[in-house]
Trainee: 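If you scroll down you'll find the structure; I have some questions about it.
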Amino acid sequence: MKIAILGAGGFVGSHMVEHLIARGEHDVVGVDVTDEKLEGISGRNFKFLEGDISGETPLMDKVIRESDLVVDLVAYANPSLYVSSPLEVFELNFIQNLRVAKICMQHRKKLIQYSSAEVYGKLEEGKHYTEDESDSVFGPTHKQRWIYAAGKALLERVIYAHGAAGDLEYVIIRPFNFIGSRIDYLVSPGTMGGPRVFAHFMSALLSGGPIHLVEGGRYHRAFLHIEEATTAFQTILDHPEQSRNQIFNIGNPNNNTTIRDMAYLMVDLYEEITGEPAKSEIRDITGEDFYGPGYEDSDRLPPDISKLRLLGWTPKHNLRKTLRDTMEYYINNAAEVEVLRRFLPDQTKRYGGFVDPRPRQAS
């Protein structure tokens, strides 16, 4: 089978490519605006094409037409952009991703669309995050943080409607806080907004800067080791009939923690790994001060993963191992470069000016 991965150069995509190359069962074509996170990942069954789905219609048409399966990972997954550039977030996460789905329909290709746990919205007391039963509850319109979740939810509904009409074969995946090596670029000390929580905490620990807890870090998240996110994807590949036109949560309900507890655990792990005391001070901060006006956070219940368990997949890595493996990657690589002094001015929108800890070849 020939698999096209859109967003292959990102965190999830790079691990997916690495996994598929190692198995050697399929030919893989990866498309992205950069292959930085694919550095050192290569194989006879893999080809990378540089391109942007929002402006490369002939390329997208050719890649999809020549593939058997399309995996769409492309998204702005950056909370600060939800409030600073909501229209760009909606344009990419809904309009451009819908265009990919339409090309898949045109050429009768199967689509695996990565969505988001954010489609569940705010926590409802007594509710559980099950794929086919849970309601979605978003904040008010002026809280623009929800444009990401609303765009993802709308994309799911349109894909579902086309599937029901017989136009498209699909699988929708809702990731719950995947974490691991290459998850994000690090940030400069004192940066507000930007990438996911791990990158901020890791950057603070490496630089000795403050660890900011948005709204006191009271919200819950359940983290999944990226290795197990990849095996979950493989499980879906291995069960095409059982997964056809289905929605799956992928996460580890046993790794549920508050962001505050995560911060203290990362401090402990940093000292354990390095043998040095952490210099970072933990500070509370409001969501508006950290991300800007229009931001609103939500608590989150652990996912129900019963549907994937029925296919034989169960996560095994606990929270401590999941965080330790991720931290070791950044600590071991950060020692080789001055990671917190580098900045990518030409990629501020797409990558938020984050910094990859891996050393690069001199240009």
Side-chain angles (χ1 to χ4, degrees), residues 11-12 14-16 18-19 22 77 114 116-118 120 123 128-131 173-184 186 195-206 211 213-214 216-236 248-278 280 282 297-334 357:
F11 164 51
V12 177
S14 65
H15 284 274
M16 188 179 291
E18 193 171 34
H19 167 81
Y114 273 64
S116 172
E118 294 220 357
Y120 291 110
L123 172 69
H128 298 280
Y129 290 158
T130 58
E131 299 93 331
I173 291 175
R174 294 173 179 167
F176 278 74
N177 302 101
F178 298 173
I179 191 170
S181 61
R182 306 191 293 270
I183 181 174
D184 271 322
L186 299 179
R196 288 160 284 205
V197 62
F198 174 84
H200 278 285
F201 289 3
M202 192 73 253
S203 301
L205 287 167
L206 289 171
I211 294 176
L213 295 179
V214 174
R218 69 177 185 269
Y219 298 114
H220 289 77
R221 296 293 186 267
F223 293 92
L224 177 73
H225 200 298
I226 188 60
E227 290 178 1
E228 299 187 305
T230 305
T231 59
F233 167 75
Q234 183 65 49
T235 299
I236 289 169
F248 292 95
N249 293 332
I250 298 182
N252 188 340
N254 295 324
N255 284 352
N256 184 51
T257 182
T258 65
I259 299 302
R260 176 174 287 274
D261 286 344
M262 175 189 178
Y264 282 103
L265 177 55
M266 285 184 65
V267 169
D268 288 344
L269 287 170
Y270 177 85
E271 294 178 346
E272 181 180 297
I273 295 166
T274 65
E276 300 175 357
S280 297
I282 295 178
D297 212 330
S298 67
D299 214 339
R300 187 176 295 168
L301 287 170
D304 182 331
I305 56 172
S306 300
K307 288 177 71 173
L308 261 181
R309 288 187 192 275
L310 289 174
L311 299 185
W313 178 82
T314 301
K316 297 180 176 62
H317 294 327
N318 63 26
L319 181 61
R320 190 175 189 90
K321 174 176 173 53
T322 299
L323 282 174
R324 184 186 175 99
D325 285 357
T326 310
M327 292 179 67
E328 284 181 336
Y329 167 81
Y330 283 89
I331 289 170
N332 292 339
N333 285 285

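Position 1 is the first residue of the sequence; numbering continues from there.
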Trainee: In the structure I gave you, are the side-chain heavy atoms of Tyr114 and Met16 within less than 4.5 Å of one another anywhere?
Mentor: yes

Trainee: Apply side-chain contact (heavy atoms from CB on, under 4.5 Å) to Ile259 and Leu213, showing your working.
Mentor: CA-CA 7 Å; Ile259 299 302; Leu213 295 179; 4.3 Å; yes

Trainee: Is any NZ, NE, NH1 or NH2 atom of the basic residue among Lys321 and Glu227 found under 4.0 Å from an Asp or Glu carboxylate oxygen of the other?
Mentor: no

Trainee: Enter the distance from Thr314:OG1 to Leu311:CG here, rounded to the nearest 0.5 Å.
Mentor: 10.5 Å

Trainee: Do the non-hydrogen side-chain atoms of Leu265 and Leu319 ever get within less than 4.5 Å of each other?
Mentor: yes

Trainee: Going from CD1 on Ile173 to CD1 on Ile236, what distance comes out if it is rounded to the nearest 0.5 angstrom?
Mentor: 4.0 Å

Trainee: Under 3.5 Å, is there a donor-acceptor pair between the side chain of Arg260 and the main chain of Gly216?
Mentor: yes

Trainee: With no hydrogens and no angle check, is any side-chain donor or acceptor of Arg196 less than 3.5 Å from a backbone partner on Ile183?
Mentor: yes

Trainee: Do the side chain of Asn255 and the main chain of Leu224 share a donor and acceptor less than 3.5 angstrom apart?
Mentor: no

Trainee: Please confirm whether Phe223 and Phe198 have ring centers closer than 6.0 angstrom.
Mentor: no

Trainee: Heavy atoms, side chains only, cut-off 4.5 Å: are Pro253 and Ile305 in contact?
Mentor: yes

Trainee: Under the 3.5 angstrom rule, does the side chain of His225 hit a backbone N or O of Lys316 as a donor-acceptor pair?
Mentor: no

Trainee: Could you check whether any side-chain heavy atom of Ile179 comes within less than 4.5 Å of a side-chain heavy atom of Leu323, counting everything from C-beta outward?
Mentor: yes

Trainee: When you compare the side chain of Ser181 with that of Glu328, does any pair of heavy atoms fall below 4.5 Å?
Mentor: no

Trainee: OG1/Thr235 to CZ/Arg309 distance, rounded to the nearest 0.5 angstrom?
Mentor: 12.0 Å

Trainee: Under a 4.5 Å cut-off applied to non-hydrogen side-chain atoms, are Leu205 and Ile211 in contact?
Mentor: yes

Trainee: Check Arg320 with Asp268, please: is the shortest side-chain N to carboxylate O separation under 4.0 Å?
Mentor: no

Trainee: I want to check something: taking the side chain as every heavy atom from C-beta on, are Ile250 and Phe178 in contact at a cut-off of under 4.5 Å?
Mentor: yes

Trainee: Check the side chains of His19 and Thr231 for a donor-acceptor pair under 3.5 angstrom, ignoring hydrogens and angles.
Mentor: no

Trainee: Can you check whether His220's main-chain N or O pairs, donor with acceptor, with Asn256's side chain at less than 3.5 Å?
Mentor: no

Trainee: How close do Leu269 and Met327 get, counting heavy atoms only, and between which atoms?
Mentor: CB-SD, 3.8 Å

Trainee: Measuring from Thr274:OG1 to Asn332:CG, what's the distance to the nearest 0.5 Å?
Mentor: 10.5 Å

Trainee: Write down the atom of Thr326, the atom of Thr322, and the distance for their closest heavy-atom approach.
Mentor: OG1-O, 2.8 Å

Trainee: Looking only at heavy atoms, which two atoms of Gly251 and Phe176 are closest? And how far apart?
Mentor: CA-CB, 4.0 Å

Trainee: Write down the atom of Met202, the atom of Tyr270, and the distance for their closest heavy-atom approach.
Mentor: CE-CD1, 4.3 Å

Trainee: Could you check whether Arg174 and Tyr129, counting side-chain N and O atoms only, form a donor-acceptor pair closer than 3.5 Å?
Mentor: no

Trainee: Just verifying a value: how many Å separate Met262 CE and Arg221 CZ, rounded to the nearest 0.5 Å?
Mentor: 10.5 Å

Trainee: Rounded to the nearest 0.5 Å, how far apart are OG of Ser116 and CG of Asn177?
Mentor: 8.5 Å

Trainee: Determine the minimum heavy-atom distance between Gly217 and Thr258, stating which atoms define it.
Mentor: O-CB, 3.6 Å

Trainee: If you take all heavy atoms of Trp313 and Glu228, which pair is closest and at what distance?
Mentor: NE1-O, 3.2 Å

